[in-house]
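These notes concern the structure reproduced below.
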Amino acid sequence: MLLGVNVDHVATVREARKEAEPDPLTAAGLAVRGGADGITVHLREDRRHINDRDVEAIRKKVGVEMNLEMAATDEMTGIALSVKPDLVTLVPEKRAELTTEGGLDLKKGRSMIRRAIETIQGQGIPVSLFINPEVGDVGMARELGARMIEIHTGLYANARGPEWQRELKRVREAARKGAALGLEVNAGHGLNFSNVGKIAAIREIRGLYIGHSIVAAAIYRGMEEAVREMKRLITKSSR
Ligand code: PXP
């Protein structure tokens with residue numbers, strides 16, 4: 001199973017100071033050294049973390065699958081056609097949300113989504129639809145012509161108590177349906193070191209897209225080393 005690492009929140013930290021660091025491109029390179037099979041960036045309409053330059057740089061310099069997450073707008077479609085990522089994932093986007101809150105509303109967004117799929121796939125770039133774990137939505141994704149789906153695992157990941165089993169079952173059934181319809185099936189959102197195993201055990205899933213928990217672990221694991229180095233420099237000069 002493939003792991004696509006989402007580096008958006010490296011850019012979130014950078015944007016907190018509007019500095020050059022930390023650079024999502026550098027983080028992407030390190031993720032690849034760690035075994036990432038793909039790098040995901042979500043270019044949001046408000047450019048709150050990843051910006052157009054990041055997208056270009058990652059496209060040019062990262063050698064693994066680049067997954068561009070975006071809303072199904074004409075602006076974003078134009079960017080996708082010029083950047084030519086390996087894969088485009090269409091996601092719903094609301095300005096006020098902290099993160100993508102759910103899968104696409106395939107009924108409401110039908111004509112925009114269909115147009116984006118036709119235009120992007122027409123240029124040879126596969127499109128994945130980020131959908132809720134609903135068998136009906138999987139069928140609709142197929143009808144709309146998408147080559148792939150990404151099943152939203154957020155409800156499974158956030159379930160407290162016994163409902164996690166029900167949520168897991170929904171993800172599993174949606175994955176099976178997708179595979180039966182000939183779609184390539186991915187999954188993601190809210191996956192972390194504790195809950196990833198049960199999703200990774202679903203045979204129909206091709207790849208997982210994970211961001212926040214990896215960035216959080218990277219901060220914890222790198223903090224000691226970074227402080228040690230700063231302390232060493234201070235001590236050397238202040239003796
Ligand atoms: N997949 C999609 C479509 C997303 O929007 C996100 C969050 O940007 C992820 C996966 C990764 O989610 P998380 O950061 O919770 O791992």
Side-chain angles (χ1 to χ4, degrees), residues 1-13 15 24 27-28 31 34 36-51 54-55 58 65-73 76 80 85-106 109 113 116 126-134 137-138 141 146-159 167 171 174-175 178 183-200 202 205-220:
M1 189 173 291
L2 307 178
L3 168 62
V5 176
N6 180 318
V7 293
D8 291 352
H9 293 316
V10 177
T12 302
V13 177
E15 293 306 308
D37 304 292
I39 296 296
T40 298
V41 285
H42 183 176
L43 185 65
R44 297 186 77 102
E45 220 185 347
D46 61 9
R47 309 300 198 267
R48 72 168 74 147
H49 39 50
I50 292 292
N51 61 37
D54 297 325
V55 171
I58 287 173
E65 176 192 272
M66 180 193 182
N67 173 23
L68 178 61
E69 259 183 48
M70 52 178 241
T73 61
M76 289 298 158
D86 298 293
L87 170 66
V88 165
T89 301
L90 298 180
V91 297
E93 208 175 289
K94 295 189 208 124
R95 266 180 189 258
E97 69 190 358
L98 290 178
T99 181
T100 314
E101 283 167 355
L104 289 159
D105 183 337
L106 298 180
I113 294 168
V127 173
S128 177
L129 300 185
F130 184 55
I131 59 170
N132 291 317
E134 302 279 354
D137 283 9
V138 178
R147 295 244 307 266
M148 288 192 191
I149 51 172
E150 180 181 335
I151 300 171
H152 184 38
T153 50
L155 287 175
Y156 156 76
N158 294 329
E167 293 301 334
V171 174
L183 293 164
E184 288 200 77
V185 178
N186 300 304
H189 212 282
L191 297 177
N192 61 33
F193 297 87
S194 314
N195 63 25
V196 73
K198 292 209 161 35
I199 298 291
I202 301 174
I205 294 180
R206 160 194 176 267
L208 300 178
Y209 293 105
I210 307 182
H212 188 264
S213 63
I214 291 178
V215 173
I219 291 172
Y220 289 146

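Being a predicted model, the structure only gives us computed values, none of them experimental. One-based numbering, in listed order, for ligands and for the atoms of each.
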Between [X] and ligand 1, does any nitrogen or oxygen pair lie at a separation below 3.5 Å?
| X | answer |
| --- | --- |
| H42 | no |
| I210 | no |
| E69 | yes |

Kindly indicate whether the side chain of [X], heavy atoms from C-beta on, has any atom under 4.5 Å from the side chain of [Y].
| X | Y | result |
| --- | --- | --- |
| E45 | M70 | no |
| M1 | L208 | yes |
| Y156 | I199 | yes |

Proximity of H152 to ligand 1 by residue part, where a heavy atom lies under 4.0 Å: neither
Part of H9 within contact of ligand 1 (heavy atoms, under 4.0 Å):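 Neither; no heavy atom under 4.0 Å.
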Hey, which atoms in ligand 1 end up nearer than 4.0 Å to a heavy atom of [X]?
| X | result |
| --- | --- |
| H212 | 13 (P), 14 (O), 16 (O) |
| G190 | 12 (O), 13 (P), 15 (O), 16 (O) |
| F130 | 3 (C) |
| V91 | 3 (C) |
| N6 | 8 (O) |
| E150 | 1 (N), 2 (C), 3 (C), 10 (C) |
| G211 | 11 (C), 13 (P), 14 (O), 16 (O) |

Polar contact flag, side-chain donor to acceptor under 3.5 angstrom, H189-E150: no
Side chains of N67 and T40, donor plus acceptor under 3.5 Å: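 A donor-acceptor contact under 3.5 Å links the two side chains.
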Nearest atoms (heavy-atom pairs only) where G102 meets N132: C-OD1, 3.8 Å
Nearest atoms (heavy-atom pairs only) where I50 meets V7: CD1-O, 4.3 Å
Closest protein heavy atom to atom 9 (C) of ligand 1, given as residue, atom name and distance to 0.1 Å: H189 CD2, 4.0 Å
Test side chain to side chain contact (heavy atoms under 4.5 Å, CB included) applied to L129 and I151, L106, D137, the passing residue: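 Single side chain to side chain contact (heavy atoms under 4.5 Å, CB included) partner of L129 among I151, L106, D137: L106.
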Under 3.5 Å donor-acceptor, N195 side chain and G190 backbone: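 Present.
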